[in-house]
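In what follows, chains are A, B, ... by sequence order, proteins preceding strands, each numbered from 1.
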Amino acid sequence: MTDLLAGLNDKQKEAVQYTEGPLLILAGAGSGKTRVLTHRVGYLIERGLAEPWQILAITFTNKAAGEMRDRVDTLLPGNGQDVFVSTFHSMCVRMLRRDIDRLGYDRDFTIYDTDDQKTLMRGILKDLKMDPKQYRERGVLSIISASKNEMVDADDYEQGASDFYEKNIAKLYKEYEKRLRKNNALDFDDLLIKTVELFDEYPEVLENWQRRFRYIMVDEYQDTNTVQFEIVRLLSGKYRNLCVVGDDDQSIYKFRGANIENILSFEKSFPGSKVIKLEQNYRSTKSILHAANEVIKNNHERKAKTLWTENEEGTLPTFTEYETASEEADRVTDAVMRSVYRRCEQAVLYRTNAQSRLFEEKCIAKSIPYVIVGGVNFYQRKEIKDILSYLRIIANGVDDLAVGRVINVPKRGIGDTTFQKVIDFAMLEGISLYDALCRADEITGLNKGTLAKLNGFTDLIEGFRSKVLNDNVSLKELIESVRDDTGYAEELAKDDPVETESRLQNIEELISKASDFEEEDSENSEHEENETGLTSLARFLEDVSLVADIDRTDDTGDVLTMMTLHGAKGLEFEKVYLCGMEEGLFPSYASINVDSPDEEIEEERRLCYVGMTRAKKELCMSSAQTRMTNGETHSSHPSRFVDELPRDGVEIHRKKKKQASWEDLDDDYDNPIPRRGFNKPQSFAAEFGGFGSGGSKSVNISRGFGSLDTTPSGKKKSAYMGAFVKGSEMVKEKPDYVVGDRVVSVKFGQGTVKEILDTERDYQITVDFDKFGTKKLLAAFAKLKKV
DNA sequence: TCGAGAATTGTTTTT
DNA sequence: CAATTCTCGA
């Protein structure tokens, strides 16, 4: 037991040992809260206070859950896997799968993601003949979601609706709920809501869980919403051993319903609670922490605390104002290459996903392996959703959305008119679309040919179903069969030859995910005896729908990470580039332009704080004077957060106001201009090559290639990470094109090969692209295809 | 029924 | 500048 406390500071020890009653741990950035949490779990087990399975730990992502399990397992071998570690959403799904039939749902309900919600809402707007201009599905859905997060159901909302507009929203809300239920589907918010409902209406269900969980821990508590609060409150109602960990300064999910009050008034909600503050930071240098502290100080709604560190002073954070966004991306990627740190120890962070594009282009041009976290989620890709839709129909015959999605994918000559007839028939009979399809011969007004097409579709599905039920095919085989037997793969090739390869690769990845799942699933003995293949299929679909993008990041390989600030929560890097620090982008235009901007700006500031505190050793912030948005170039000023940085604690570079001459561009940056006349000796910024020595850089820094060969191999890289993530697995392969050939690249389109150079590591290809001009690319990265 | 081209939107952030 | 939706001809 002493082991478990070794290496912890006094506050951390206290947090680990304070096991009984409500406890709020205010854990500043980098204060070792994950450590405290895992040790606390270990302590509970070792002290015999609880069996592993009596401990519930709720994390923000599935990835974090996995890590925690592993870390507990390292502390106390053999125990980690039994601790109930989960996200709110996964936990709720698990509980609902057990008992949701009490609420009148089928236990193999489907989970609708944002796209599904939109499709559903679009249909409702159409059927209710509401003007889609006035009631945008996105807007309506966000009102519904916000209501659900505040536990306002459709009836409540209707009661509170005062004007015509709100009354109509209420109508939409009601219809939305009706259709969800009809499709036996839950949206993300429902997963939480229905759990509370279940607890409220069936106290014995609640009691069962209450008895089981003697100790409950919630990580990232500052980002919980009202429903989640309610779940926690209910679950901890019996033993009251609730420990929440969070940092109000890092609350960044208000837009998703996070209620910062949960953490601010924890002590009020749970009387007699203890508060422990962890203020020592083990992550960042003094200068980074100082800068971050100065920024967050400008927020008013926060619990008083000051982070400090015993770490070294370190180099000053930098801020550089570039002329264009493209230049920013160019310089930052240069800096990544020149840095003393390996690529995987660095991260480019930005406010919006759209910003990633420029960085991506530069990385490709410079052959920097990278991974973009976020953006289009793997499971939202068209080809994946199509395949999953088939699986959903096979698993759950009443999923109308899935039917609508693939009834004519690939094309089988079932158009809108026919489909509408099916919908009408289904409505009339009060049955699902799929059932309507099965009874297609009863539908009036269909000619023979069309009827045959519809039957073809149901035969296909029934064929799959019988494969699962009778032939016991594996998930892997099922997906392969969906891909091939439907003609989907063929259609892909016909549709969009350029994208085909990557789409097929994505499907391959889905298949390998399915195999992995199946393997794990069969080890899991908790299943009922007489279950069919369909139940395990349903489990797979459920598993898949709750995967966050961050969960899929594979941290093997020396690749540069790029992501939004939101995505960076909970992570740390040696060197961080915080880009696009412009007024209107960060803080976002939307946050400045609301009735009461204060609250919104404070959230943006917290986001800034989160970003800054990701950095361990070096922090480089930057902005661009002009940037292209929505096809328009517009100029902007550095973010107000830049003004909040300590004057003497940051090195500032702003472009001279003279006309830049392109020959000596570097010189323009030569003399960092201290702002507001502040004067101090400048320390030398090593990274932005050219700052110090006017172009002919005397960069004597190792280029971080040392890591190239250290990648633990064996693990398959995800196709999602793109063709550029290969690291050591890069095999030098002779290109199948020669000089003069026309080739196509995923990124740059078509071009003509100008030169092929056989270098030591790879072939270096010079291509004159039609749209992008001449580029030098490495064959392994560029993935050029002959046309 | 379907595809190509035109028109029209729109940007925070995501479990 | 996209990505998506719309429109029209075949």
Side-chain angles (χ1 to χ4, degrees), chain A residues 58-65 86-93 111-115 117-118 122 132-133 136-139 141-142 145 148-149 186-192 220 223-225 227-228 251-258 325 349-358 373-377 379-380 382 408-420 447 449-450 453 491 494-496 545-551 563-569 580 582 584-594 600 603-604 606-608 610-611 627-634 771:
Chain A
I58 298 174
T59 56
F60 200 67
T61 61
N62 291 306
K63 190 176 185 212
S86 168
T87 64
F88 270 106
H89 293 269
S90 318
M91 173 181 79
C92 289
V93 170
I111 300 166
Y112 276 6
D113 68 13
T114 323
D115 279 347
Q117 290 177 287
K118 277 192 195 151
R122 209 173 307 138
K133 293 252 152 59
R136 325 212 136 218
E137 69 226 19
R138 202 171 116 63
L141 284 169
S142 82
S145 173
K148 285 189 176 185
N149 282 326
L186 303 187
D187 65 19
F188 280 125
D189 303 315
D190 283 341
L191 297 177
L192 307 173
E220 307 285 8
D223 284 319
T224 52
N225 64 30
V227 194
Q228 290 166 336
S251 165
I252 54 175
Y253 279 99
K254 182 166 173 259
F255 72 93
R256 204 170 79 189
L349 307 181
Y350 35 77
R351 179 67 236 272
T352 65
N353 280 309
Q355 287 167 260
S356 68
R357 181 171 241 98
L358 277 174
V373 181
V376 196
N377 190 309
Y379 291 103
Q380 281 169 248
K382 182 186 172 308
N408 203 27
V409 179
K411 305 255 154 56
R412 30 179 93 83
I414 305 173
D416 280 348
T417 7
T418 309
F419 191 49
Q420 194 55 52
N447 62 37
T450 330
K453 287 170 185 166
E491 172 107 342
K494 223 171 49 202
D495 245 30
D496 186 352
S545 57
L546 293 175
V547 185
D549 218 62
I550 190 85
D551 298 330
M563 61 184 147
T564 65
L565 288 158
H566 284 89
K569 181 160 95 152
E582 294 135 41
L585 181 63
F586 185 35
S588 74
Y589 184 70
S591 68
I592 303 169
N593 237 26
V594 291
E600 307 259 341
E603 174 130 329
E604 297 277 315
R606 289 192 290 269
L607 203 47
C608 182
V610 167
R627 179 181 299 273
M628 179 92 95
T629 338
N630 289 2
E632 265 172 307
T633 323
H634 67 259
K771 300 229 173 77

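A:Asp187 contributes no side-chain N or O that, together with a main-chain N or O of A:Asp113, makes up a donor-acceptor pair within less than 3.5 Å. In terms of modelled atom types and a separation under 3.5 Å, the side chain of A:Ser588 and the main chain of A:Leu585 share no donor-acceptor contact.
OP1 or OP2 of B:dC2 lies within a sub-4.0 Å distance of a side-chain N or O belonging to A:Asn408. Distances shorter than 4.0 Å separate none of the side-chain N or O atoms of A:Asn225 from OP1 or OP2 on B:dT15. At B:dT13, none of the side-chain N or O atoms of A:Lys569 fall inside 4.0 Å of OP1 or OP2 (strictly under the cut-off). The phosphate of C:dA2 (OP1 or OP2) has a side-chain N or O of A:Arg357 nearer than 4.0 angstrom. For A:Ser588 and B:dT11, the shortest distance from a side-chain N or O to OP1 or OP2 is not below 4.0 Å. Residue A:Asn353 places at least one side-chain N or O under 4.0 Å from the OP1 or OP2 atom of B:dT13.
Straight-line distance between the C1' atoms of C:dC6 and B:dT11: roughly 22 Å, to the nearest whole Å.
In this structure, A:Asp189 atom CG and B:dT14 atom C1' are separated by 11 Å, rounded to whole Å. Distance A:Glu632 CD to B:dT9 C1': 13 Å, rounded to the nearest Å. Whole-Å rounding puts the A:Arg606 CZ to B:dT13 P distance at 18 Å. Rounded to an integer number of Å, the gap from CD of A:Glu604 to C1' of B:dT11 is 13 Å. One can place CE of A:Met563 at 11 Å from P of B:dT14, the figure rounded to the nearest angstrom. Atom-to-atom, CZ of A:Arg627 to P of C:dC1 comes out at 16 Å; the value is rounded to the nearest Å. Nucleotide C:dC1 holds its C1' atom 12 Å from the CG atom of A:Leu358, rounded to whole Å. If you take CE of A:Met628 and C1' of C:dC1, they are 7 Å apart, rounded to a whole angstrom.
Nucleic acid contact for A:Lys254: none, since no nucleic acid atom lies under 4.0 Å from a heavy atom of the residue. Base engagement by A:Gly631 is indicated by at least one non-hydrogen atom pair under 4.0 Å involving a base atom. The residue A:Glu600 sits close to a base: some heavy atom pair falls under 4.0 Å.
The CZ atom of A:Phe188 lies 7.5 Å from the CD atom of A:Gln117; values are rounded to the nearest 0.5 Å. With rounding to the nearest 0.5 angstrom, the CG atom of A:Leu141 is 13.5 Å from the CZ atom of A:Arg136.
Proximity of A:Phe60 to A:Asp223: side-chain heavy atoms (C-beta onward) are separated by under 4.5 Å at one or more points.
Comparing atom distances between the A:Thr114 side chain and each of B:dT15, B:dT14, B:dG10 picks out B:dT15 as nearest. Of the candidate nucleotides B:dT9, B:dT13, B:dC2, B:dC2 has the atom lying nearest to any side-chain atom of A:Lys411.
A residue-by-residue look at A:Thr418 and A:Phe188 shows that A:Thr418 has its nearest nucleotide of DNA chain B further toward the 5' end. Looking at which nucleotide of DNA chain B each of A:Thr417 and A:Arg138 is closest to, the 5′-most match is held by A:Thr417.
Remark: ring of A:Phe255 stacked against base of B:dT13; centroid gap under 5.5 Å, plane tilt under 30°.
A:Thr450 and A:Asn447 share a side-chain donor-acceptor pair at under 3.5 Å.
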